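Everything numeric in this text was worked out from a predicted model, so none of it was measured. Residue numbers run from 1 in the order of the sequence given.
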Amino acid sequence: MRRVVSLILLDWPITCLKRTQVARSCPSCAPDETPLALTLAGPRGLRLYACNPAAKAAGLHNGMAFADARAMVPMLVTQPADLKGDAAALSHLTRWCGRWSPWVRMDGEDGIWIDASGCAHLFGGEVAMLKDIQTRLRAMGIKARLAMADTPGAAWAAARYGQARIILSGEARRALASFPVAALRIKEEAAASLRRLGLKRIGDLYDLPRAMLAQRFGPGGAKAVAAVLHRLDQALGQVFEPIDPVMPVPLWRVRLPLVEPLMDINALMGLVAPLLEDLAARLMAEEKGVRRLSLTAFRCDGSSERLIVGTYAPSRDPAHMARLFQEKVGSIDPGFGIDCLVVAAEVVAPLDAAQTDFDGQAAGVLALSELIDRLALRLGKGHVGHARPFESHIPERAEQRVTGYGETTWTNAMHPSGVPPAPTRPLRLLPRPEPVEVVAEVPEGPPLVFRWRRVQCRVARSQGPERVAPEWWRVAGEEARIRDYYRVEDDAGRRYWLFRAGLYEETTDEGPCRWFLHGLFA
């Protein structure tokens, strides 16, 4: 059953101005009894954008010309409107409303949607949830009206035009019947046209044939009628109206409301640890592991702070997740106090049960991924990466370095005897193949002696050749020559990877075949 909360912020621009002045300890703050208005420049000069209650009591209203307002109230205090600042403050408040539901979104310039489906029972029911929202907003000096209904349209209408804050499930049609047609979120021109036709209440539209309504609007009114009927169907739940959240909705989410605001950041991890254990238990039941994890701290002043950590491989070890947060939790500013914590698994992946050591510690690939996570936190994701295979038979192009957290596929191929097979190619190549001088028994044979970096090495044993053909679609040149690779070992036990560029009888613009050292075996 869907339940939506519509939250309307009254005099939001004035509230933002007062909160900003208090935060900056502005000495020129106008008292509440002083008429105050925010002005906005338009094509016809300055007009009032927002008025405080004292200005409204003096007869001023939004949209009024500034000259007329000054003539009516000579002592009017004015300031320019800050549209960007108001929008940013509304965005912060919307994120803060994520304490009640992850499905929140801004509604115009002074409203917020909260999809509370399946969330009200966490706060003691719908009445208790609305009371909690109202109480917390009032404590921050924010005046608001709010209502809950089955649809966003019904909740919006009840918040602005209704007396009851809750429209029971299935009662939207009856409750909206007495509301004015403007409660359908339609343009003022369309509402005025409906009133001229005698359709003043939403209930007047219920039994009216829709084709007749289009005829009453006259020519050119089909589009306006379609918009009105669409809003009516949305409010009654006959057409679904989605609410796109301002942030991605996490798949798993656990929260901890605090009885007293938390001021000591050193005690934060002691509260986060039980949340991580609860989250890990739920992930284990679903055979999932987390790839990206977030910790959101909601403050008493309506702000919030969010930490995000990632894992190199799926994990559901609460101790490991706690270590990741431990590296960053010191950066959280408690402000006036943290009163709610939310831990969410934003990205998950399948994770089967993994074998650990006898002491319960992570083993093998799991231990390696945890080490990479800690290094990435300290050094930055861009400084820790891994090599990913790439479809190319040219050795220097057969892999790519990937930084950050990407999809990982770990392999631990072992011989049936339990001994890992010897590598046929070195794990690391030289940045560039380096030329060497080679002496071979026959021109097309393996090297017997080679000189590299002025050091002469005598070959004790060799294996090859492994012929690598060039990629014909690439440019011609040294890269376009055939390579014959040899794995060689000198009399001191050192192993090298050499190749001959070009056939032994081949001569090109670059000269005859040449030898290069491409890598060393560990």
Side-chain angles (χ1 to χ4, degrees), residues 3-23 32 36-38 49-57 61-62 81-83 85-117 119-120 122-167 175 179 182-183 185 235 243 245-246 257 298-304 336 339-340:
R3 301 294 284 169
V4 180
V5 176
S6 177
L7 197 153
I8 309 304
L9 305 173
L10 306 176
D11 301 326
W12 177 242
I14 299 295
T15 302
C16 291
L17 175 64
K18 293 176 62 177
R19 288 170 59 85
T20 303
Q21 291 175 339
V22 171
D32 295 338
L36 171 67
L38 302 180
Y49 175 71
C51 303
N52 70 346
K56 292 179 181 179
H61 58 84
N62 298 347
D82 183 9
L83 301 184
D86 297 345
L90 182 61
S91 177
H92 288 306
L93 187 63
T94 302
R95 294 176 181 271
W96 177 77
C97 288
R99 62 186 299 135
W100 290 289
S101 170
W103 218 286
V104 294
R105 193 194 75 182
M106 291 182 291
D107 175 24
E109 299 177 350
D110 60 352
I112 298 175
W113 297 115
I114 303 176
D115 193 331
S117 304
C119 299
L122 301 174
F123 305 92
E126 296 180 352
V127 175
M129 180 179 181
L130 294 184
K131 183 178 179 181
D132 185 42
I133 298 174
Q134 190 84 60
T135 302
R136 293 183 182 276
L137 291 175
R138 189 182 296 113
M140 294 185 295
I142 299 176
K143 296 182 293 183
R145 287 177 55 88
L146 61 163
M148 178 182 290
D150 289 342
T151 64
W156 189 92
R160 285 168 170 78
Y161 297 93
Q163 299 296 328
R165 297 195 303 173
I166 297 179
I167 297 179
F179 288 6
R185 294 179 294 162
I243 296 178
V246 67
F298 296 92
R299 304 188 187 96
C300 300
D301 60 351
S303 60
S304 62
F336 293 100
D339 59 359
C340 185

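Partners of Ala175 according to the side-chain contact (heavy atoms from CB on, under 4.5 Å) rule, which considers only residues two or more places apart in sequence or in another chain, are Ile167. Under the rule for a salt bridge (Lys or Arg N to Asp or Glu O under 4.0 Å), Asp107 has no partner lying at least two apart in sequence or in another chain.
Atoms CZ and CG, on Arg136 and Asp339 in that order, are 4.5 Å from each other to the nearest 0.5 Å. Taking CZ from Arg299 and CZ from Arg99, the interatomic distance works out to 12.0 Å, rounded to the nearest 0.5 Å. If you take CD1 on Ile166 and CG on Leu130, they are separated by 5.0 Å, rounding to the nearest 0.5 Å. Put simply, CZ on Phe336 and OG on Ser303 are 9.0 Å apart, with the number rounded to the nearest 0.5 Å. Atom-to-atom distance recorded for Lys56:NZ and Leu36:CG is 11.5 Å, nearest 0.5 angstrom.
The heavy-atom pair separating Ala116 from Met148 by the smallest distance is CB-CE, 4.2 Å. Among all heavy-atom pairs drawn from Asp86 and Cys16, the shortest one is OD1-CB, 3.5 Å. Here the shortest heavy-atom pairing between Gly162 and Phe179 reads CA-CZ, 3.6 Å. Nearest heavy atoms, Ala159 versus Ala147: N-CB, 3.6 Å. Closest heavy-atom contact between Arg145 and Ala158: NH2-O, 4.0 Å. The shortest heavy-atom contact between Ala144 and Gln134 is O-NE2, 3.0 Å.
A salt bridge is defined here as a Lys NZ or Arg NE, NH1 or NH2 lying under 4.0 Å from an Asp or Glu carboxylate O, and Arg19 with Asp301 fails to meet this definition. The existence of a salt bridge linking Asp150 and Arg3 is confirmed by a sub-4.0 Å separation between a basic side-chain nitrogen and an acidic carboxylate oxygen.
Side-chain atoms of Ile243 and Val4, non-hydrogen and from C-beta on, do get closer than 4.5 Å to each other. The shortest side-chain heavy-atom distance between Arg160 and Ser6 falls under the 4.5 Å cut-off. For the pair Trp113/Thr94, no side-chain contact is recorded, criterion being any heavy-atom separation below 4.5 Å from C-beta on. In this structure, Asn62 and Cys51 have side chains that are in contact, with non-hydrogen atoms separated by less than 4.5 Å. Two residues are said to be in side-chain contact when any heavy atoms from C-beta on lie closer than 4.5 Å; Leu90 and Ile112 meet this criterion. When side chains are defined from C-beta on, Trp100 counts as touching Met129, because their heavy atoms get closer than 4.5 Å. At least one side-chain heavy atom of Met140 sits less than 4.5 Å from a side-chain heavy atom of Leu93. Taking the side chain as every heavy atom from C-beta outward, Ile114 and Leu146 never approach each other to under 4.5 Å.
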Where do Trp156 and Thr151 land on the side-chain contact (heavy atoms from CB on, under 4.5 Å) test, with the steps shown first? CA-CA 9 Å; Trp156 189 92; Thr151 64; over 6 Å; no
Go through the steps for Asn52 and Asp11 under the test side-chain contact (heavy atoms from CB on, under 4.5 Å), then give the verdict. CA-CA 7 Å; Asn52 70 346; Asp11 301 326; over 6 Å; no
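For Trp103, the CH2 atom is loosely surrounded, since the number of other residues' heavy atoms within 6.0 Å does not exceed 12.
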